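Everything numeric in this text was worked out from a predicted model, so none of it was measured. Numbers here simply count residues along the sequence, with the first being 1. All ligand and atom numbering here is 1-based and tracks the order in the structure.
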Amino acid sequence: MEYGHFSEDNREYVITRPDTPTPWINYLGNSEYCAMISNTAGGYSFHIDPRNRRITRYRYNNMPTDRPGRYLYIRDSMTGEYWSPTWQPTLTKLDNYECRHGLGYTKVSSLKSLIQSEVTYFVPTDSNLEIWVLTLKNTSLSEDRWLKVFSYSEFCLWEASRDQNDLQSVQFLGISRFNNNAILYHLFDESTGYAFFTSNEKIESYDCNRESFIGKYRDESHPEAVEIGECFRSEGVGGNPIAATCSSVILKPMESKTIIYVLGVAQDKSHIKDLIQKFTDKRNVDNEFKKLSENWDSFLSKINVETEDSDFDAMVNIWNQYQCRITFDWSRYVSFYETGIGRGMGFRDCSQDILGVVPAFPLKVRQRIIDLAKNQFQNGRVYHIYFPLTGEGGFPYYVKEDMHFFSDDHLWLIPAVTEYIKETGDTRILDEKVEFVDGPPATIYEHMQRSIDFSKSMMGNHHLPLLGTADWNDPLSIPGPNNAAESVFAAMLLHKSLTELSELSSIIGRETEATKYSDFASKSKDHLNKVAWDGDWFIRAFDDSGNPIGSKKCEEGKIYLNAQSWPILSGVASYERGIKSMDAVKEYLDTKYGLILLNPAYSKYYQKIGALSSYAPGLKENASIWSHANAWAIIAECMLGRGDQAYKYYKQLAPPTKNGMASIHQAEPYVYAQTIAGKDHHAFGMAKQSWLTGTASWMMIASTNWIIGVKPQYNGLLIDPCVPTSWRSFRMTRQFRNAIYDITFSNPNGISKGIEFIRVDDKPVENNLLPIFSDGKTHKISLTMG
Ligand code: GLC
């Protein structure tokens, strides 16, 4: 409650003071146009690809933080007093302030000098523009108010990387001009298209050049134009093009007025007029806002839970799903921390993000699988990243010269496809033909086979997958002259991929392949249990000289989290070894804010470990609380049947838990952050890199498929809950293959796992695999645990 709370219906997070420990942000957008906005209106926009189609600027890591943004200034013409209704950039103390981050919109309300304002920012569902709706009200009962309202946004060059690294040249390319109540921005070479800014209100004066509006040696907090009460009517020809406008508003006592601002892009200049006409009309804007809300209703309608924990419900029903949608759209590419220039859409990241949205977005997932498969080479390895505008694939700058692959990337394609088919039943996707980067088309099934072939062809001295540049753990990029490091994690993922592909092969009648993959899987299981078991837990990797990493023998980094959860997730560990490993996790990795990734943290740089040990102890992969990996641990505990332990791990990481400790956690308490400083850092508990993390999809899977325990299978919906013993009754409504499964659970004896009986539409059934009804109807299922 320090900085805010969820609204009563949980569909908004309400921030009650503007000076949050970090900018608390929201993503507004429609998969093409994206506008990131903080609780004080900082942030930036891009179209399709933040690298090539950057619309507005953001100065990452700026002082003061979080600038520029979508700014408004209100100036009293009688007194000259001015302020920003979103607090930034003037930072004027407001008489009250509230920001509501909702699904696809952000609304900031404030009061200052008896002027009440409310500004709602959103992106319509299918137009490449953003709308800012400002309503001003004069709350005085006796006095008229003469106001000037200014708007401000700063254009970027489309090419965001050039905008940051080629200063001497970028200052000569952009043109911004006012004409017919709108500002039009483009490069001198107009082929890259246009941005425009307009308002339904008469723009009385404007500035298109940043230095004119702001003035010399000033910043956005006190622009010269706002100070004098009028813009300078500057043109932007070269320099720093902006769109700044000024309009007069006169309000009688208790009178209100609404101003609409529109910022958008168009490839073709002739479309702009129509867009302006449509979106400056209040009725159309209201309709679009309604449509946005209906869209979200539909997105969220596939899964719904009612449990004894309202925070769990708020996450599963709304915020976790919301975050899954954003990570699906933008992977790890673009945020307030990811600059949207280098990283592109990650192959492994996208493959995992798919898991969180398959129920809601099957068609988009199908397309994403095809886009990903285009990034595979004939030998089965894949590009690490790709760029959404061009589809062009690539590798990050740190990829090892002679190791242009990661040991895990290509394997993630397999669970992405199998989970998609389990949800939808669409086995036809397996026959879709997709070209390799370096070769002719092959079916998706063949692409999956090539992933296995590649791992098989890249085995090291312990007969485990060679690490390549790294595995899931990006900085575990173990160096050495022999390129001989091996990944136990990748071996476990390979085992999981083999069992999945074997099952799928059997489903589609390819028995020879099914047997081939299951034989390989059982060999790899025995082998892993021989070479990777350390006595009380599994080791994580072998270094370049063949020494174990994540072993009791190591000086530091003796135990790694993923090496304990993945033997269970992958089916490699026996029950006994699983329990031992997860008990070791409890003993050595658990902290009050979540599970750390390894222990003890590396206290110095180790040549043989490499990049991972270059992070300060307790930060990032060097023993921070890595949220994504916590989700895997929760699943592992559920698989072992330890519902209380799983729920403890769930709760200590869940964003609402952070609400009461926001000054420690710092990041938004409505979404997961990638990493939280571990016990070895002085800021233990401080989260970084909110929003874009694989935690979103895996926490969704952990909560719905494992805690509530409702899992799509090829031939039905499997129910197998693993809950905290305190839960006595709960419910899930799940849309699956054109039917609604309304499942009520009762747990009279307070156990975690076990089913006494199940009734489907009032008839007892034998097993816990519910049939595929496909009849468009709702089916009542009641399950009693015992
Ligand atoms: C980042 C990367 C992801 C990686 C993780 C752990 O989230 O985007 O691909 O698995 O870090 O290193």
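Closest protein heavy atom to atom 12 (O) of ligand 1: Glu621 OE2, 2.5 Å. In terms of protein heavy atoms, atom 3 (C) of ligand 1 is closest to Asp349 OD1, 3.3 Å.
Within ligand 1, the atoms closer than 4.0 Å to a non-hydrogen atom of Trp472 are 4 (C), 5 (C), 6 (C), 10 (O), 12 (O), numbered from 1 in the order shown. Those atoms of ligand 1 that come under 4.0 Å of a heavy atom in Asn473, given as number and element, are 12 (O). In the vicinity of Arg348, heavy-atom distances shorter than 4.0 Å reach the ligand 1 atoms 3 (C), 4 (C), 9 (O), 10 (O). Heavy-atom contacts of Arg332 reach the following atoms of ligand 1: 8 (O) (cutoff under 4.0 Å).
In this structure, His463 and Ser524 have side chains that are not in contact, with every pair of non-hydrogen atoms separated by 4.5 Å or more. Between Trp472 and Trp632 the shortest side-chain heavy-atom distance falls below 4.5 Å. Using a 4.5 Å heavy-atom cutoff, the side chains of Ile452 and His410 are not in contact.
Comparing Trp412, Phe347, Tyr333, Trp626 by heavy-atom distance to atom 11 (O) of ligand 1, the nearest is Trp626. For atom 1 (C) of ligand 1, the choice among Glu338, Gln674, His384 with the nearest heavy atom turns out to be Gln674.
Ring pair Trp330/Phe46: centre-to-centre distance below 6.0 Å.
Remark: side-chain polar atoms of Ser697 are paired, donor with acceptor, to backbone N or O of Gln352 under 3.5 angstrom.
When each of Arg59, Arg54, Arg57 is checked for a salt bridge (charged side-chain N to carboxylate O under 4.0 Å, His left out) with Asp163, only Arg57 meets the rule.
A salt bridge links Lys422 with Glu500: the distance from a Lys NZ or Arg NE/NH1/NH2 to an Asp or Glu carboxylate oxygen falls below 4.0 Å.
Here Arg343 has side-chain heavy atoms under 4.0 Å from ligand 1, and that is the only part of it that gets that close.
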